[in-house]
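In what follows, chains carry the letters A, B, and so on, assigned in the order in which the sequence lines appear, proteins first and then strands, with residues in each chain numbered from 1.
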Protein chains: 2
Amino acid sequence: MSGRAYLVDDDEAIRDSLGWLLESRGVACLSYRSAEDFLDEWDPALAGCLLLDIRMDGMSGPELFDILRERGSRLPVIFLTGHGDVPMAVSALKKGAFDFVEKPCNDNELVNRVIEALRLDANQRAAASGADSLNSRLGRLTTREREVMERILAGKLNKIIAEDLQISMRTVEVHRANLFEKMGVRTAVELAQLLAGRR
Amino acid sequence: MSGRAYLVDDDEAIRDSLGWLLESRGVACLSYRSAEDFLDEWDPALAGCLLLDIRMDGMSGPELFDILRERGSRLPVIFLTGHGDVPMAVSALKKGAFDFVEKPCNDNELVNRVIEALRLDANQRAAASGADSLNSRLGRLTTREREVMERILAGKLNKIIAEDLQISMRTVEVHRANLFEKMGVRTAVELAQLLAGRR
DNA sequence: GTGGGTATTGTGGAAATCCGCAATGCCGCG
DNA sequence: CGCGGCATTGCGGATTTCCACAATACCCAC
């Protein structure tokens with residue numbers, strides 16, 4: 001398993017017991033006594049999931065959650081609370097929390113949720129890395145290549161593209177071949193599929 | 001607004017007051033005294049959103065919700081409850097409920113939720129109708145045309161497709177032209193974009 | 001200024017695509 | 001049996017794509 005469980009709770013007894021529980025089921029776990037502590041060490045590259053207490057001294061769980069989302073984190077978050085109310089649970093889930101569980105809870109169930117969350121995160125990261133590599137390739141295109149690419153995706157013939165850009169057809173062919181090379185595709189169809197959903 | 005709000009609650013006072021509230025804000029509304037009553041009249045074509053009480057005589061709100069989902073309904077559902085607990089709210093939202101609100105609630109807020117839900121449903125239906133028309137076009141293709149299309153999307157040249165299918169290149173060209181016609185596209189690139197995300 | 005990256009163009013040929021015209025064979029339906 | 005839909009094929013020509021080879025020009029950085 002690539003990711004860890006990050007446990008943020010100001011109650012040491014909870015940290016210890018949950019930490020032990022997770023480790024015993026093979027889930028690596030790091031504990032933090034406050035939201036601030038976690039935020040200090042947080043990095044977009046941290047992979048896994050976050051177990052987050054609602055009420056804590058200092059920054060609350062939901063506050064930390066909001067900050068992480070603002071910073072672009074998609075880390076799955078499982079809220080833990082001893083005093084949860086319905087509106088809070090609803091709000092958390094609608095904002096994209098992975099789960100919301102009341103303490104005390106069924107240990108077995110919680111670990112299963114954590115494992116699901118880890119799997120989700122792994123999948124998200126795999127998808128994101130694909131998107132990154134795509135964007136990186138896209139970024140290496142020159143302006144002209146991008147202009148030609150747009151028109152290829154619009155289904156235009158090289159001849160028309162040449163007229164569009166007021167350059168010779170030969171030049172279009174060159175740009176076309178170069179951008180195919182850079183994008184790692186062999187045909188316009190592959191290019192279209194590669195960029196499917198985007199733009 | 002195309003959709004209606006369908007209100008299911010066994011408390012007549014609630015049905016009347018919410019019904020009136022919604023109508024007064026311009027949201028057409030139909031009321032049902034039980035989940036069974038609604039289910040009897042339910043049809044996948046019913047557009048709008050469902051306001052669903054949790055506890056009712058006979059079938060409960062969540063039970064109705066599950067049945068609707070099993071039957072393929074994507075009608076946005078807003079749960080209403082006077083005695084909601086956190087696990088129930090979490091379960092409902094994770095299963096895809098649109099919202100979960102406690103009674104008594106802020107009327108204004110509730111109507112806004114309903115309107116959001118109606119908008120969501122309208123969007124979903126628009127997207128689905130697009131998908132339907134696509135599937136319908138796809139369904140009109142002959143077997144051969146589908147075989148050829150698959151290979152076009154795989155980026156194969158007509159020559160290779162002909163070898164693949166053990167037919168002449170000319171035949172491939174004919175199928176290709178016919179399926180382009182049926183799918184309403186002019187180029188392979190358009191076809192790829194049309195089917196982006198699918199298969 | 002020299003070198004590298006980018007943009008540009010030309011020539012010319014092999015290969016592939018696009019299409020109209022024409023035709024054959026199979027199959028199921030009325 | 002005849003009609004219509006589907007699959008198939010051939011011919012031939014206009015158009016396009018794909019590429020190798022070759023070259024000019026601009027701009028920026030070292």
> Measuring from B:W20:CH2 to B:L22:CG, what's the distance to the nearest 0.5 Å?
Replying inline: 10.5 Å

> With distance as the sole test, does A:Q124 use its side chain to make a donor-acceptor pair with the main-chain N or O of A:R74 at under 3.5 Å?
Replying inline: yes

> Once you round to the nearest 0.5 Å, how far does CZ of B:R144 lie from NE2 of B:H175?
Replying inline: 6.0 Å

> Checking all strands, does A:T142 fall into the base, sugar-phosphate, or nothing category for heavy-atom contacts under 4.0 angstrom?
Replying inline: sugar-phosphate

Using a cut-off of under 3.5 Å, enumerate the N/O to N/O pairs linking the protein to nucleotides 11-17 of chain D.
| unit_1 | atom_1 | unit_2 | atom_2 | d |
| --- | --- | --- | --- | --- |
| D:dC11 | N4 | B:R170 | NE | 2.9 |
| D:dT16 | OP2 | A:K159 | NZ | 2.9 |
| D:dT17 | OP1 | A:N158 | N | 3.2 |

> Of B:V174 and B:F180, whose closest DNA chain C nucleotide lies nearer the 5' terminus?
Replying inline: B:F180

> Between atom CD1 in B:I161 and atom P in D:dA7, what is the gap in whole Å?
Replying inline: 15 Å

> What's the CZ-C1' distance between A:R144 and D:dC26, to the nearest Å?
Replying inline: 14 Å

> Rounded to the nearest 0.5 Å, how far does OG of B:S60 lie from CG of B:L52?
Replying inline: 8.0 Å

>> Using a 6.0 Å cut-off, check whether atom CD of B:E181 has over 12 heavy atoms from anything other than its own residue.
In response: no

> In whole angstrom, what separates B:E147's CD from D:dA7's P?
Replying inline: 9 Å

>> Take a 6.0 Å sphere around CZ of B:R33 and say whether it holds more than 12 heavy atoms from other residues, nucleotides or ligands.
In response: no

> Quick one: does A:S17's side chain have a donor or acceptor within less than 3.5 Å of a partner on A:A13's backbone?
Replying inline: yes

>> Rounded to whole Å, please give me the gap between CZ in B:R146 and P in D:dC6.
In response: 12 Å

>> Please report the interatomic distance CG(A:L50) to OH(A:Y6), rounded to the nearest 0.5 Å.
In response: 9.5 Å

>> Main chain of A:G155, side chain of B:E190: is a donor-acceptor contact present, judged purely on distance under 3.5 Å?
In response: no

>> Could you measure the distance from the CD1 atom of A:I78 to the CG atom of A:D53? Nearest 0.5 Å is fine.
In response: 13.5 Å

> Regarding B:K94 and the six-membered ring of A:F100, is the cationic atom NZ or CZ under 6.0 Å from the ring centre and inside 45° of its axis?
Replying inline: no

> Taking five pairs at each end, how big is the angle between the two axes of the helix from C:dG1-D:dC30 to C:dG30-D:dC1, to 10°?
Replying inline: 40°

>> What is the separation between atom CG on B:L165 and atom P on D:dT8, rounded to the nearest whole Å?
In response: 8 Å

>> Reading DNA chain C in the 5' to 3' direction, which nucleotide is the first one with an atom under 4.0 Å from a heavy atom of chain B, and which is the last?
In response: C:dA16 to C:dC21

